[in-house]
Amino acid sequence: MSALLGRLGDFAFRRRGLVVSIWALVLIAVVGGAALAGGRLDDRFTVPGAESQHALDTLTETAPDAAGATAQLVFTAPEGHLITEAPYHAAIAHTLETAGTAPGAIGVTTPQQAGAVSADQRTAVGVVHFDGDRSKVSADARAAVEKSGDSARAAGLEVSVGGSAYGAGDIQPGITEILGLAVAVLVLLITFGSLLAAGMPLLSAVFGIAVTVGGLFALSAVVPVSSTALTLALMLGLAVGIDYALFILSRHRSQLAAGLARRASARRANETAGSAVVFAGITVIIALAALSVIGIPFLTVMGLAASGAVLVAVAVALTLLPALAGFAGHRLAPHPGSRAHRRITAAGDSTTPDRNSAASRSDSMGARWARLVTARPVVTVVAVAGALILLALPVASLRTALPDNGSAAVGSGPRQAYDTIAEQFGPGFNGPLVVVVDGDASAAATVADSVRKLPDVAYVLPPQPTQRAGQSLVMVVPASAPESQQTTDLVHAIRDRVPDAVPGAEVAVTGDTAVTIDVSQRLSASLLPFLAIVVGLSLLLLVVVFRSIAVPVKAALSFLLSVAAALGTTVAVFQWGWAAELFGVAKVGPMVSVLPIILVGVLFGLAMDYEVFLVSGIREQWLHQGDSKTSIVEGTRHNARVVTAAATIMVVVFASFVPIEDAMVKPIAFALAVGVLVDAFAVRLTLVPAVLALLGRAAWWLPRRLDRILPELNIEGPQEKSEERPAELASV
């Protein structure tokens, strides 16, 4: 593989004009395709095969007003007045009549028809029904509903608009993302000591993101692409795009400083660092693409969109970056006598024959840190592992749900409507359950009576017939909030107990709340199998790469520690409410259902990224020297600075998305930022060297028989004869 990547880098360097032109044409094609296709984002949550989804699909034909998205207009009369007063009553009627003309609206339910007038007669809720789910409600339609409230506001009423037609938050990247990029540039500038070298990883990453985003918008015309999938792809593509370019460019500049010719250096950088980039990228892509096996469409789209972003980032780093390096020429080489040049030559590059000579190196921060953590490895392992386990403790109380308008930004229209409804009508009014009864009228009445007797039921509306003969709907308002455990228990109680009361009739529970409960449970049930697949994959790949048993086992266990610590910290902030105001958490409550699986998939790939880049350097030194402690120090000396810079950039990029007022993106960005921070600095740069020091020569043991049958996967590039793996190490 390394030879092929070397030839690719050589071609890109020599034919740089052609390579840049091809990428420019690709960008023009995807952006033009996105503009012509006219696609739009689709934020539907569906769970094929679930009872709630099947019933909801049926209602799209038999009761479109019950199956489609709704917009709620919440009217509140001034203090000392009643909503039923004639001027207010007329203003509400006019508002609902106007809202009913919005594009896609198929009907209106007045407050009197819905029984949605508060006990104090000051608040009322009208509902506009749309044909189809939220993805089919256009921005113009939502704007028309919001504007329809102007007449009621002019009459003195307070009006807020919410409902399922509006999301829990709009993704609006702003100044924090720009600041994140600025910090990334600063880190790159410190790392390289050159503005030109600092700008190249950022330029290639932004180019890759432009291709990815354009491609996703073009695809959104034919397949559903959610705003969360787009943001995850943007966030991950930008982070890995900078990191992968950083790895390759850092190697290239080190080789230039060592006197290697520019073209030879571009080839060699692709052979070595490029091989590690390909391996790391493949692990991320496989882990994210594996989300599709869970069988939930929106999660499949998220996984494939993010894996596509990583694939583009790898392709850009291996082709566009060498081409840009060709245009930059000798200007990428650190100036003799500069700080960057002294640092590189002092550390010793892997291309120089005297790299292991103590006289040719001065100490570096990475080497000093490696000596510190390996001086007393038992203390290091106990301290780091204990701290991570402490951070992971909140995971024991983890609860998951999908966000609704209760998680929208405080002060936004959907949040105001949600809070007012919960205060005046009870929290369950925001998430009613729809019980579909296929049977005669007496069966529907029996179902309604049976549901009324269940715990945590606020009230049950009389059965309403649908357009299908023999089918009725029973609207159930829980006493608890949609995301509460009590509402989940109520859904299960209806499914378990009520059908027995009506033999011969079919009873199904659906509605947005029931669908989100089924999605959350499907995701929870899939987490452990998915985690087993990911950990098993890491064990298999790392055994092949490092020709070791202990190193892959150590990597898998440390990865689990990183995931648990990141998830525990996120639970403490977003579910327990610790420092919630500091991070702008709109509502403390259950974690986003997709977060654990997304965290496992993304963090796995990134953890393997740092594992491969760092441990491959240690293994390379081990192959040369056969001395465990020296190999750890020397391997860390060469790679710690780049890993530190890459992880810092990754953390900054993820953290820059935390201020976004989106209830799904915010906790995912926070968890990924914490996860990378913990994994790179506490695990890879601290725990891993200490564990390797404890294991000594046993870290590189591999049974001879297994060594013979495993395929060779050389990610260090072509080795000189003196660098071949000693035969006796197979049986150490």
Side-chain angles (χ1 to χ4, degrees), residues 1 236 240 275-276 278-296 299-300 302-304 306-307 310-311 314 385 388-389 392 395 398 522-567 594-616 619 671-672 675-676 678-679 683-684 687-688 691-692 695 698-703 705-715:
M1 180 178 70
L236 189 57
V240 301
S275 295
V278 169
F279 176 82
I282 288 174
T283 58
V284 181
I285 291 169
I286 292 175
L288 291 171
L291 294 174
S292 60
V293 304
I294 295 173
I296 299 179
L299 190 61
T300 298
M302 288 177 68
L304 294 179
S307 61
V310 175
L311 180 62
V314 171
L388 295 181
I389 291 172
V395 174
L398 173 67
R522 175 79 66 86
L523 289 168
S524 297
S526 303
L527 179 59
L528 287 180
F530 181 71
L531 187 60
I533 292 173
V534 165
V535 172
L537 174 67
S538 69
L539 287 171
L540 179 61
L541 291 176
L542 292 177
V543 166
V544 174
V545 170
F546 293 122
R547 325 298 293 183
S548 163
I549 297 296
V551 169
V553 171
K554 174 268 307 171
L557 293 177
S558 60
F559 163 68
L560 292 176
L561 273 178
S562 297
V563 169
L567 191 56
V594 300
L595 188 148
I597 282 183
I598 290 293
L599 179 63
V600 169
V602 174
L603 192 57
F604 164 71
L606 301 181
M608 293 306 102
D609 188 347
Y610 301 131
E611 177 79 10
V612 168
F613 201 77
L614 183 65
V615 178
S616 62
R619 178 176 182 268
L672 290 176
V676 172
V678 166
D679 191 84
V683 173
R684 305 302 153 192
L687 186 62
V688 167
V691 172
L692 291 177
L695 294 174
W700 310 105
W701 173 79
L702 184 70
R705 180 175 298 179
L706 185 58
D707 189 34
R708 286 195 297 268
I709 64 176
L710 286 177
E712 290 286 345
L713 184 58
N714 180 14
I715 65 169

V594 versus I296: any side-chain heavy-atom pair under 4.5 Å? no

Any chance you could measure L567, atom CG, to S562, atom OG, to the nearest 0.5 Å? 12.0 Å

I need the I286 CD1 to L291 CG distance, nearest 0.5 Å. 12.5 Å

Can you give me the closest heavy-atom contact between R522 and G295, atom names plus distance? NH1-O, 3.8 Å

A side-chain contact here means heavy atoms from C-beta on lying under 4.5 Å apart; do V551 and V688 qualify? no

Hey, could you give me the CD1/CE distance between I282 and M608, rounded to the nearest 0.5 Å? 14.5 Å

Any side-chain heavy-atom pair of F604 and L288 under 4.5 Å: no

side-chain contact (heavy atoms from CB on, under 4.5 Å) assessment of D679 paired with L606: CA-CA 9 Å; D679 191 84; L606 301 181; over 6 Å; no

Between CD1 of I598 and CG of L672, what distance do you get to the nearest 0.5 Å? 8.5 Å

Separation of I597 CD1 from L528 CG (nearest 0.5 Å): 9.5 Å

Indicate the atoms forming the closest heavy-atom contact of W701 with P703, along with that distance. CH2-CG, 3.3 Å

Apply side-chain contact (heavy atoms from CB on, under 4.5 Å) to L539 and V553, showing your working. CA-CA 6 Å; L539 287 171; V553 171; 4.2 Å; yes

dist L388:CG -> L561:CG (nearest 0.5 Å) comes out at 5.5 Å

Would you call V284 and V602 a side-chain contact if the rule is heavy atoms closer than 4.5 Å? no

Are any non-hydrogen side-chain atoms of V612 and L542 less than 4.5 angstrom apart? yes

side-chain contact (heavy atoms from CB on, under 4.5 Å) evaluation trace for V683 with F559: CA-CA 8 Å; V683 173; F559 163 68; over 6 Å; no

Shortest non-hydrogen pair, A671 vs A566, comes out as O-CB, 3.7 Å

S558: what forms a side chain to side chain donor-acceptor pair (under 3.5 Å) with it, not counting sequence neighbours? R684

Residue pair P596 / L531, side-chain heavy-atom distance below 4.5 Å: no

If you take all heavy atoms of S548 and V543, which pair is closest and at what distance? O-CG2, 3.5 Å

Kindly indicate whether the side chain of V615, heavy atoms from C-beta on, has any atom under 4.5 Å from the side chain of V545. no

Check V314 against G281 and note the closest heavy-atom contact, atom names and distance. CG2-CA, 3.9 Å

Is the shortest heavy-atom distance from the side chain of V676 to the side chain of Y610 under 4.5 Å? yes

Looking at every heavy atom in both A289 and S307, which two are closest together, and how far apart are they? N-CB, 4.4 Å

